[in-house]
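Heads up, the thing below is written out as structure tokens.
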Amino acid sequence: MSDYTADDHRHMQHALRLAEQATRRAAPNPGVGCVLVRDGQVIGEGATLATGSDHAEIQAIKDCLARGDSPRGATAYVTLEPCSHYGRTPPCAERLIAEGVARVAAAMVDPYHEVAGRGLAMLKAAGIDASAGLLEAEARRVHRGFLSRVERGRPWVTLKAAATLDGKTALLNGASQWITGPAARSDVQRLRAASCAILTGSGTVAADDPQLTVREFDVPRQPLRVVLDGRLRTSPASRVYQGHPALLACLESEAQGLPPYLARGVEALPLPARDGHADLAALLAALAARGVNHLMVEAGAGLNGALLQADLVDEIILYLAPSLAGDAARGLFAWPALEDLADKRQVDIADARLVGRDLRLTLRPR
């Protein structure tokens, strides 16, 4: 079925809202949303729980049964194709068949190799009207972290930065707190809460000694803190290595210096060198292999610039404070001087809004 109605769109939008709320909780699985509808009425809804627990379809079925109803004859609106394989949980497609749903409208096919169309085929073979493509673009946005990890072998990378209106992140003496106001800093906490991991560099750890934890929101677990310190210049006593899981990425050639960090419970990730520095693509691939869907970068100009130059940034969240720091201050992105304006990095402005007194721009590198 390819012709969807206004009601189909409305119910899928409902499912997508459920999915968005479950994205962080479900990682590394996709945070899927499911809504069961019969005769125009919602009779059950649910979203994916933590790994090893119920998927969205099972939660929606349980909700329906708890309401004293039955899914038989209903339409299931689900933001990702129902799974068809046995993993930590049984196949959702089998459960939908067993419950007697009449129709399944999925937003998109699941690209994971264990599914990849098999769930829809299983449903169709059982006589269920099953299709995919309802609000697919919106679903790809909601599931972007999972899709990035499965399709590209690396997390979705969001680079967060804060600067004055003239693009300065700190004074030459390193002073940087606080450029933005409390509302923007609270918004950053929200971004951290939505991330599986947070990446920073050795310079930021040395200058600011950050914790990189979520402190204003309840989260199912703290994001993994990742420090890229190729030559092990950070102190093992730094706050980023304390209290919650931390991963120290360094050059393979420096691995002999890791014992003081390992003694504090820090996990090590030795990386190959590329042009004299740790290989950033290898770092992202290693994080994807650990199930990191969404990676947030909170770093200085050096790491920010290196990631952008390597085309490893998917979006930039830039907070601009209504202030000026002048020319003698530190900028946002460090890279070699350009000889021609044609070589400048192009970005698209996807969103612009005020957060307190600061301007928040969502930018997409071209």
What's the shortest heavy-atom distance between [X] and [Y], and which atoms?
{"X": "Ser131", "Y": "Tyr4", "result": "OG-OH, 2.9 Å"}
{"X": "Cys250", "Y": "Gly230", "result": "CB-O, 3.7 Å"}
{"X": "Val219", "Y": "Ala193", "result": "CG1-CB, 3.7 Å"}
{"X": "Ile43", "Y": "Pro71", "result": "CD1-CA, 4.3 Å"}
{"X": "Gly33", "Y": "Leu18", "result": "CA-CB, 4.1 Å"}
{"X": "Leu332", "Y": "Ala161", "result": "CD2-CB, 3.6 Å"}

*Can you find a side-chain donor-acceptor pair between Asp229 and Thr234 that sits under 3.5 Å?*
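Checked: Asp229/Thr234 side chains pair up, N/O donor to acceptor below 3.5 Å.
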pair [X]-[Y]: side-chain heavy atoms closer than 4.5 Å:
{"X": "Val101", "Y": "Thr75", "result": "no"}
{"X": "Glu254", "Y": "Arg233", "result": "no"}
{"X": "Arg231", "Y": "Leu251", "result": "yes"}
{"X": "Thr164", "Y": "Ile179", "result": "yes"}
{"X": "Asp209", "Y": "Ser238", "result": "yes"}
{"X": "Pro82", "Y": "Met122", "result": "no"}
{"X": "Pro272", "Y": "Glu252", "result": "yes"}
{"X": "Phe333", "Y": "Leu159", "result": "yes"}

Got a sec: does the [atom1] of [X] have more than 12 other heavy atoms crowding it under 6.0 Å?
{"X": "Glu339", "atom1": "CD", "value": "no"}
{"X": "His14", "atom1": "NE2", "value": "yes"}
{"X": "Glu151", "atom1": "CD", "value": "yes"}
{"X": "Asp39", "atom1": "CG", "value": "no"}

Please say yes or no: joined through hydrophobic side-chain contacts below 4.5 Å, possibly via intermediate residues, are [X] and [Y] part of one cluster?
{"X": "Leu36", "Y": "Ile58", "result": "no"}
{"X": "Val266", "Y": "Leu232", "result": "yes"}
{"X": "Leu191", "Y": "Leu199", "result": "no"}
{"X": "Val205", "Y": "Leu271", "result": "no"}
{"X": "Leu248", "Y": "Val226", "result": "no"}

What distance separates [X] [atom1] from [Y] [atom2], expressed to the nearest 0.5 Å?
{"X": "Leu147", "Y": "Leu80", "atom1": "CG", "atom2": "CG", "value": "7.0 Å"}
{"X": "Arg144", "Y": "Thr23", "atom1": "CZ", "atom2": "OG1", "value": "8.0 Å"}
{"X": "Ile97", "Y": "Leu123", "atom1": "CD1", "atom2": "CG", "value": "5.0 Å"}
{"X": "Leu228", "Y": "Leu247", "atom1": "CG", "atom2": "CG", "value": "10.0 Å"}
{"X": "Leu280", "Y": "Arg274", "atom1": "CG", "atom2": "CZ", "value": "9.0 Å"}
{"X": "Asp358", "Y": "Thr180", "atom1": "CG", "atom2": "OG1", "value": "5.5 Å"}

Check: [Y] main-chain N/O paired with [X] side-chain donor or acceptor under 3.5 Å:
{"X": "His277", "Y": "Ala273", "value": "no"}
{"X": "Asp340", "Y": "Ala342", "value": "yes"}
{"X": "Arg353", "Y": "Leu359", "value": "no"}
{"X": "Gln222", "Y": "Val214", "value": "yes"}
{"X": "Ser70", "Y": "Arg72", "value": "yes"}
{"X": "Asp166", "Y": "Gly326", "value": "yes"}
{"X": "Asp63", "Y": "Glu45", "value": "yes"}
{"X": "Thr79", "Y": "Val32", "value": "no"}
{"X": "Glu315", "Y": "Thr158", "value": "no"}
{"X": "Glu81", "Y": "Asp110", "value": "yes"}

Listing, residues 281-292 side-chain donor-acceptor contacts under 3.5 Å, not counting sequence neighbours, or none:
unit_1, atom_1, unit_2, atom_2, d
Arg290, NH1, Glu267, OE1, 3.2
Arg290, NH1, Glu267, OE2, 2.9
Arg290, NH2, Glu267, OE2, 3.1

Does this structure show an ion pair linking [X] with [Y], if we count only N-O contacts that are shorter than 4.0 Å?
{"X": "Asp351", "Y": "Arg364", "result": "no"}
{"X": "Arg366", "Y": "Asp311", "result": "no"}
{"X": "Asp69", "Y": "Arg38", "result": "yes"}
{"X": "Glu20", "Y": "Arg141", "result": "yes"}

_Determine whether Cys34 and Gln59 satisfy the following criterion, side chain to side chain contact (heavy atoms under 4.5 Å, CB included), listing intermediate values before the conclusion._
CA-CA 8 Å; Cys34 178; Gln59 279 288 289; over 6 Å; no
*Carefully, step by step, assess Tyr77 and Val37 under the rule side chain to side chain contact (heavy atoms under 4.5 Å, CB included).*
CA-CA 8 Å; Tyr77 296 91; Val37 177; 3.7 Å; yes
*Would you check, one step at a time, whether the test side chain to side chain contact (heavy atoms under 4.5 Å, CB included) holds for Val297 with Val157?*
CA-CA 7 Å; Val297 180; Val157 176; 3.8 Å; yes
*Could you walk me through whether Asp314 and Arg154 pass the salt bridge (charged side-chain N to carboxylate O under 4.0 Å, His left out) check?*
CA-CA 11 Å; Asp314 295 302; Arg154 69 169 180 82; 3.0 Å; yes
_Show every side chain to side chain donor-acceptor pair (under 3.5 Å) that has at least one partner inside residues 185-200, sequence neighbours left out._
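Pairs touching residues 185-200 that pass the test: Ser186-Glu216, Asp187-Arg190, Asp187-Tyr319, Asp187-Arg360, Arg192-Glu298.
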_Apply side chain to side chain contact (heavy atoms under 4.5 Å, CB included) to residues Asp8 and Arg103 and explain how you reach the verdict._
CA-CA 12 Å; Asp8 289 333; Arg103 178 184 173 221; 3.1 Å; yes
_Considering only residues two or more places apart or on different chains, which pairs with a residue in residues 243-262 satisfy ring pair (Phe, Tyr, Trp, His ring centres under 6.0 Å)?_
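Every ring pair (Phe, Tyr, Trp, His ring centres under 6.0 Å) pair that includes a residue of residues 243-262, provided the two are not neighbours, is Tyr241-Tyr261.
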*Under the criterion salt bridge (Lys or Arg N to Asp or Glu O under 4.0 Å), which of Arg25, Arg95, Lys62 is the partner of Asp54?*
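Going through Arg25, Arg95, Lys62 one by one, the salt bridge (Lys or Arg N to Asp or Glu O under 4.0 Å) with Asp54 is satisfied by Lys62 alone.
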